[in-house]
2 protein chains.
Amino acid sequence: MAKAKRILKWQRDPAGMRLRILEAAKQEFAAYGLAGARVDRIAAAAGANKRMLYYHVGNKEDLYLEVLEGAYEKIRAEERTLDLEHLDPPEAIGRLIDFTWNYFLRNPEFLALLNTENLAKAKHLKRSTKVKSMHSPFVEMIRTVVTRGVESGDFRVAVDPVQLYISIAGLAFFYLSNSATLSVIFGRDLLKKEARDERLEHMIALVLAALTGKSTAAFVGAPALPSLEHRVV
Amino acid sequence: MAKAKRILKWQRDPAGMRLRILEAAKQEFAAYGLAGARVDRIAAAAGANKRMLYYHVGNKEDLYLEVLEGAYEKIRAEERTLDLEHLDPPEAIGRLIDFTWNYFLRNPEFLALLNTENLAKAKHLKRSTKVKSMHSPFVEMIRTVVTRGVESGDFRVAVDPVQLYISIAGLAFFYLSNSATLSVIFGRDLLKKEARDERLEHMIALVLAALTGKSTAAFVGAPALPSLEHRVV
DNA sequence: ACAGTATTTATCCAACGGGTTAATTTCACC
DNA sequence: GGTGAAATTAACCCGTTGGATAAATACTGT
């Protein structure tokens, strides 16, 4: 019988395959956590065979660490393009908040991955050499903004940049990462457009009011005391 | 051979058993998440047999939901004893922050459970009738404080109580829940005593400064710009 | 063309893990 | 002191899952 060699059964594409595997793995780990993730599902979603994961990346935990490192690289890379140095300090902080918020919104897997890693007490991250090095520049960027703000008189207080960043990230992270449970217990959809806009305004107003001492219009104008009924929908 | 009936192999204690199972389950789910938790480990830790879980509570997910409900009940119950109504508004908010922070510190499993439930998109919580009802009073408690603060002139702004609570919780939650990864990334131990104290001060100062417009001593005096080196340790 | 290597597929398996069945022991009440 | 229900134990079942093996197929340089 003719062996029908003309029909290619598959093409080689190691680089592409690797990317598809990592992308599929990211979604899977984000959706189910490390323990809940299934290697077979990752393979299927990547249009690959399970064996390929082991060939291209390694075992489940190696795969997970690679995904995690990639996630950190991506956000820190985007942050580097923020160019806060050329804005006046309050604007710079506002922009950082805005970016952080929208990045978290656009990349919900990032939040889930961080939670997963913290459940594991960062044991994978500790093994990672890549990740540790990429944060000093980021902290320095914020420190510069704060220093400039204090010198210009825009900020009445000098805050520890790490403390400030954790606060900014926390205001956004908790809201989004826990939106499912918060929506249930407070009986309103925290992810709908108006709620998201309101949250962003609230966060910016809160942080800038504390830093500058001046109440922004947004903060004052926030939809306070919406009604006696807390279900605003 | 003598049957040695005198020696009791075990005693009945259904109520106690149930409690031990729930406590063991809480630790297990908090430590490993829902998917990572092992029914056998829970049984062992409870000093019980695996079969007992199914006898006293139900399957793994029922067990998990019961643990989760218990966790919410516990924090809301403690919050109810805060008695914020009798404090003047800034003090009341400070106290709420202080309580939230310390509760999270004392009950790290609570944070882990919430993360686990959010990974599951709150699908268990949605089935729970108990939990939804117990949050309105809590929101009203905060709303009252805010209203009083605005009326007394202590607060220059009226904030949505839900928004405010999410911010307070977020400031504490993110720091503690993510302390493992953050400690690695920023190269300093965020859980050591001084760091914890500093964080609490920072949070109170941040929120109160935003609400009252007045900079508190604590906020100004925060260990800002610790040095050019961000590793403070 | 051809050899050698890189990539992919098709199976297999041993361990694990949730859940169940059935037998055993304790205790409350008569 | 006997009896039946409640509580507990021990043993097993069976689908799942991470990982491994070996064979097949495509590509590369010569």
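Below, chain A is the first sequence line, B the second, and so on; all start at residue 1.
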Inset, instruction - Would you mind checking if A/Glu117 and A/Lys123 are paired as a salt bridge, meaning a charged N to carboxylate O distance below 4.0 Å? - result: no
Inset, instruction - Using a strict cut-off of less than 4.0 Å between a Lys/Arg side-chain nitrogen and an Asp/Glu carboxylate oxygen, indicate whether A/Arg38 and A/Glu28 qualify as a salt bridge. - result: no
How many Å lie between [atom1] on [X] and [atom2] on [N], as a whole number?
X       : N      : atom1 : atom2 : value
A/Asp40 : C/dA10 : CG    : C1'   : 13 Å
B/Arg41 : C/dG19 : CZ    : C1'   : 17 Å
A/Arg38 : D/dG19 : CZ    : C1'   : 14 Å
A/Met17 : C/dA6  : CE    : P     : 17 Å
B/Trp10 : D/dT9  : CH2   : P     : 7 Å
A/Asp13 : D/dT25 : CG    : P     : 20 Å
B/Glu28 : C/dG18 : CD    : P     : 9 Å
A/Leu63 : D/dG18 : CG    : P     : 11 Å

Inset, instruction - List in numerical order all residues of residues 115-125 of chain B for which some heavy atom is under 4.0 Å away from an atom belonging to DNA chain D. - result: none
Inset, instruction - Please list residues of residues 43-57 of chain B whose heavy atoms come under 4.0 Å from any atom in DNA chain D, ordered by number; otherwise none. - result: B/Asn49, B/Arg51, B/Met52, B/Tyr55, B/His56
Legend entry - Per A/Gln11 side chain, nearest of listed nucleotides D/dC27, D/dT17, C/dT8: D/dC27
Could you list the donor-acceptor pairs under 3.5 angstrom formed between side-chain atoms of residues 42-55 of chain A and any protein atom two or more places apart in sequence or on another chain?
{"residue": "A/Asn49", "atom": "OD1", "partner": "A/Arg51", "partner atom": "N", "Å": "2.8"}

Inset, instruction - Assign B/Ala15 to base, sugar-phosphate, or nothing according to its heavy-atom contacts below 4.0 angstrom with the strands shown. - result: nothing
Partners of [X] by side-chain hydrogen bond (donor to acceptor under 3.5 Å, both in side chains), sequence neighbours excluded?
X        : answer
B/Arg127 : none
B/Ser128 : B/Glu69
B/Glu23  : B/Gln27
B/Asp13  : none

Legend entry - Listed once per pair and sorted, the ring-ring contact (aromatic ring centres under 6.0 Å, His included) pairs that draw on residues 58-87 of chain A, sequence neighbours left out: A/Phe29-A/Tyr64, A/Tyr64-A/His124, A/Tyr72-A/Phe110, A/Tyr72-A/His135
Contacts table for residues 171-180 of chain A: side-chain donor-acceptor under 3.5 angstrom, sequence neighbours left out:
{"residue": "A/Tyr175", "atom": "OH", "partner": "A/Leu190", "partner atom": "O", "Å": "2.8"}
{"residue": "A/Ser177", "atom": "OG", "partner": "A/Asn115", "partner atom": "ND2", "Å": "2.8"}
{"residue": "A/Ser179", "atom": "OG", "partner": "A/Leu176", "partner atom": "O", "Å": "3.0"}

Would you tabulate the nitrogen or oxygen pairs shorter than 3.5 Å linking the protein to nucleotides 2-4 of chain C?
none

Legend entry - ring pair (Phe, Tyr, Trp, His ring centres under 6.0 Å) involving A/Phe138 - partner list, sequence neighbours excluded: A/Tyr165
Legend entry - Contacts of type salt bridge (charged side-chain N to carboxylate O under 4.0 Å, His left out), residue B/Arg95, not counting sequence neighbours: none
